[in-house]
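To start, the structure under review is shown below, and the notes come after it.
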Amino acid sequence: FFFQAEDGIRDKLVTGVQTCALPICPVDDRRWNELADQAEDQLARGSFAAAEAAALELVAEAQRIFPAEHANIAASQSILGSVHFRQGRYAEAEADFRRALAIYENRAGPEAEQTASALNNLALVLEKAGDLRNAELLLQRSLAILRKLRGPDHADTATTMSNLGRVLDAQGKFGASATVAAQAGEDPQAMTVRANELAARGQYREAESLQQRVVQIHEKAVGPEHPLTATSISNLGNVLYLQGRFAEAEQVHRRALAIRTKVLGPGHPDTATSLNNLANVLFEQGKDEQLTPSEQRARARDQIRVFTETEGLYRRALAVQEQALGAEHPSIAATLNNLGALLDQGGRHSEAEPLQRRALAVLEKALGSLHPETAATLTSLAVSLDRQGKSVEAEAMYRRAVETSRNAGNPRSLLLNASRLGFALAKRGRNREALPFYREAIEALDFLYVRTRGLSEETRAAFMGQFGNIYIETIKLLLLLHR
């Protein structure tokens, strides 16, 4: 099941408006300031269509009243880019941030603080698009500027360190990412990134401790019913889920959902994220099958369509996302996948398959065919097709997922998808065809494991514990082939 990214913590965009640098502004910029406030307010509310309308008018107003390459034109482009980013329109967001970066570099210089912010923003878009190498280069440059101008302990420096650590980790550069994260101090965002990295390596207790600390910091700094607090609570729930502590995770996610529903409203995208994550936890506890007597009678009579709480949560999340984000936002793909998996495991294949195909179409359009999330969705659909006995199409999907991972140069994605294809072929007795894919998975695993050098033995053992079973399956296959 797919948890959805908590943008309030993981992806920090710098969109602050830059005021006129002259002692007396030669233009009437009151309307421009109103539009800037309006766009950022609507963005915070999750009203992306309204935010886009205000941001587009903001850019037009900036171009009308300010001279070419004025800082406020760049600030306007940054706000529009932030809106497009949250809408999942990454190609447009990239163009917006590149325009802002060009202005800042020409006007303020390549080593200016504004330039560092623009580099950070552009890097986040490239990360979403799967261009991790170029995202890393931009973040390294941004970090160097901020360290020089703001120092190593400033919040903006910590934010950029956090973003860089995540990008390094996604490339399997675990030692480098750990070094970056360790330098990020006690900033809550940096702590959250460190917790995510620890969880990815199986160090769940350490990750939980960090997430607990972030919750405490936010409760004290902004209050127990603030959106930031809800985000940190949600992240804590995800760590509990990864440990299999589903009853505790359920209570935590219910608290996050209650805060977001009250503070942000039932139609906010972040509320939909909590609906999705709570549904994941309920599914793991088998609560999707636990109907009340009245619900059982209603379903038996077939007079109305009755959903379990789990299915109802997924469907509510999907409805909110479609309304708030649009039908083609990449976040919708996670909910579609999760609902499809729930229906598929319940034997409702004819309902599940269209959802999973739609999720794939959304990701291919939004992120491209080479993105790791696209490959993961291909595999999810292949598993569903395999379960239905559609073995030919399932194999084709598995092979597409492997080829996507190869072309993207993503060793973690290749490890997962190659091993899954090998297993599927071996299950059908096609052992000789399966062996090359198991070997490819082992090569990817070895590549990733080498990059854990310098980390603690506990961390390395936890990493191997996640994937070591691939060695066992390969040995079994070799024994079968050499009988």
Side-chain angles (χ1 to χ4, degrees), residues 1-4 6 199 202 204-205 207-208 211 233-258 260-261 271-321 331-356 359 376-377 379-389 394 416 420 423-424 427 465-466 469:
F1 283 81
F2 295 85
F3 283 115
Q4 292 167 7
E6 298 286 351
Y204 301 127
R205 290 292 185 180
E208 180 187 345
Q211 296 289 20
I233 291 169
S234 182
N235 287 330
L236 174 60
N238 291 346
V239 174
L240 294 170
Y241 173 94
L242 292 171
Q243 296 178 71
R245 293 158 61 185
F246 301 126
E248 295 173 75
E250 177 186 343
Q251 296 307 310
V252 171
H253 279 305
R254 287 194 186 278
R255 182 184 170 198
L257 176 59
R260 284 173 165 169
T261 301
T271 305
T273 296
S274 283
L275 290 167
N276 175 82
N277 291 346
L278 176 57
N280 289 349
V281 173
L282 294 178
F283 177 81
E284 292 294 345
Q285 297 178 82
K287 291 190 175 182
D288 59 304
E289 300 172 355
Q290 296 173 11
L291 298 176
T292 66
S294 61
E295 289 172 331
Q296 292 172 358
R297 288 193 296 272
R299 178 166 288 187
R301 289 195 304 268
D302 200 29
Q303 292 178 345
I304 57 174
R305 185 75 179 274
V306 180
F307 300 129
T308 62
E309 183 182 11
T310 308
E311 183 176 346
L313 288 167
Y314 281 137
R315 292 191 182 277
R316 281 172 57 196
L318 185 59
V320 170
Q321 289 171 328
S331 291
I332 287 176
T335 306
L336 288 167
N337 256 319
N338 292 345
L339 177 57
L342 173 71
L343 298 175
D344 183 62
Q345 292 206 19
R348 296 159 64 183
H349 306 305
S350 62
E351 296 176 70
E353 187 178 325
L355 296 174
Q356 292 170 314
T377 304
T379 300
S380 179
L381 177 57
V383 171
S384 178
L385 293 170
D386 212 356
R387 190 175 284 122
Q388 297 177 62
L416 296 172
R420 176 71 76 169
F423 178 80
K427 185 175 67 174
Q466 288 182 288
N469 193 56

Using the side chain to side chain contact (heavy atoms under 4.5 Å, CB included) rule, take Asp386 and Lys427 through it: C-alpha gap first, then chi angles, then the decisive distance, then the call. CA-CA 11 Å; Asp386 212 356; Lys427 185 175 67 174; 3.3 Å; yes

Test Gln356 against Ser384 for side chain to side chain donor-acceptor pair (under 3.5 Å), laying out the working first. CA-CA 9 Å; Gln356 292 170 314; Ser384 178; 3.0 Å; yes

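Evaluation of the side-chain hydrogen bond (donor to acceptor under 3.5 Å, both in side chains) rule for Gln211 yields no partner, not counting sequence neighbours. For Arg316, the salt bridge (Lys or Arg N to Asp or Glu O under 4.0 Å) criterion is met by no residue, not counting sequence neighbours. Residues forming a side-chain contact (heavy atoms from CB on, under 4.5 Å) with Ala207 (at least two apart in sequence, or on another chain): Ala195, Leu198, Ala199, Val239. Residues that satisfy the side-chain hydrogen bond (donor to acceptor under 3.5 Å, both in side chains) test with Thr379, not counting sequence neighbours, are Asn417. Evaluation of the ring-ring contact (aromatic ring centres under 6.0 Å, His included) rule for Phe423 yields no partner, not counting sequence neighbours. Applying the side-chain contact (heavy atoms from CB on, under 4.5 Å) test to Ala359 and every residue at least two apart in sequence or in another chain returns Ala333, Leu336, Asn337, Thr377. Gln251 is linked by a side-chain contact (heavy atoms from CB on, under 4.5 Å) to nothing, counting only residues two or more places apart in sequence or in another chain. For the salt bridge (Lys or Arg N to Asp or Glu O under 4.0 Å) test, residues two or more places apart in sequence or in another chain that qualify with Asp344 are Arg387. With sequence neighbours excluded, the residues forming a side-chain contact (heavy atoms from CB on, under 4.5 Å) with Leu416 are Phe467, listed by chain and number. Under the side-chain hydrogen bond (donor to acceptor under 3.5 Å, both in side chains) criterion, Arg420 pairs with no residue at all, not counting sequence neighbours.
Counting heavy atoms from C-beta on, the side chains of Leu385 and Leu381 come closer than 4.5 Å. Side chains of Thr271 and Val320 form no contact here, defined as non-hydrogen atoms less than 4.5 Å apart. Contact of the Asn238 side chain with the His253 side chain is registered, since non-hydrogen atoms from C-beta on lie closer than 4.5 Å. Arg260 is listed as a side-chain neighbour of Thr273, based on a closest heavy-atom distance under 4.5 Å. In this structure, the side chains of Gln388 and Glu353 come closer than 4.5 Å at one or more pairs of heavy atoms. At least one side-chain heavy atom of Asn277 sits less than 4.5 Å from a side-chain heavy atom of Asn280.
Note that CG of Leu339 and CZ of Phe283 are 11.0 Å apart. Values are rounded to the nearest 0.5 Å. Separating the CD atom in Glu351 from the CG atom in Leu343 is a distance of 5.5 Å, to the nearest 0.5 Å. To the nearest 0.5 Å, atoms CG (Leu236) and CD (Glu248) are separated by 9.0 Å. A distance of 13.0 Å separates CG in Asn338 from CD in Glu311, rounded to the nearest 0.5 Å. In this structure, the separation between CG on Leu355 and CG on Leu342 is 10.0 Å, given to the nearest 0.5 Å. Here the straight-line distance linking atom CD1 of Ile332 with atom CG of Asn276 works out to 11.5 Å at 0.5 Å rounding.
Comment: Arg254 engages Glu309 in a salt bridge, judged by a side-chain N to carboxylate O separation of less than 4.0 angstrom. Note on Glu208 versus Arg245: salt bridge recorded, some NZ/NE/NH1/NH2 to OD/OE distance being below 4.0 Å.
Between Ile233 and Val252, the closest heavy-atom pair is O-CG1, 3.1 Å. Residues Tyr241 and Ala249 approach most closely at N-CB, 3.8 Å, considering heavy atoms.
Side chain of Thr261 to backbone of Leu257: a donor-acceptor contact under 3.5 angstrom is found.
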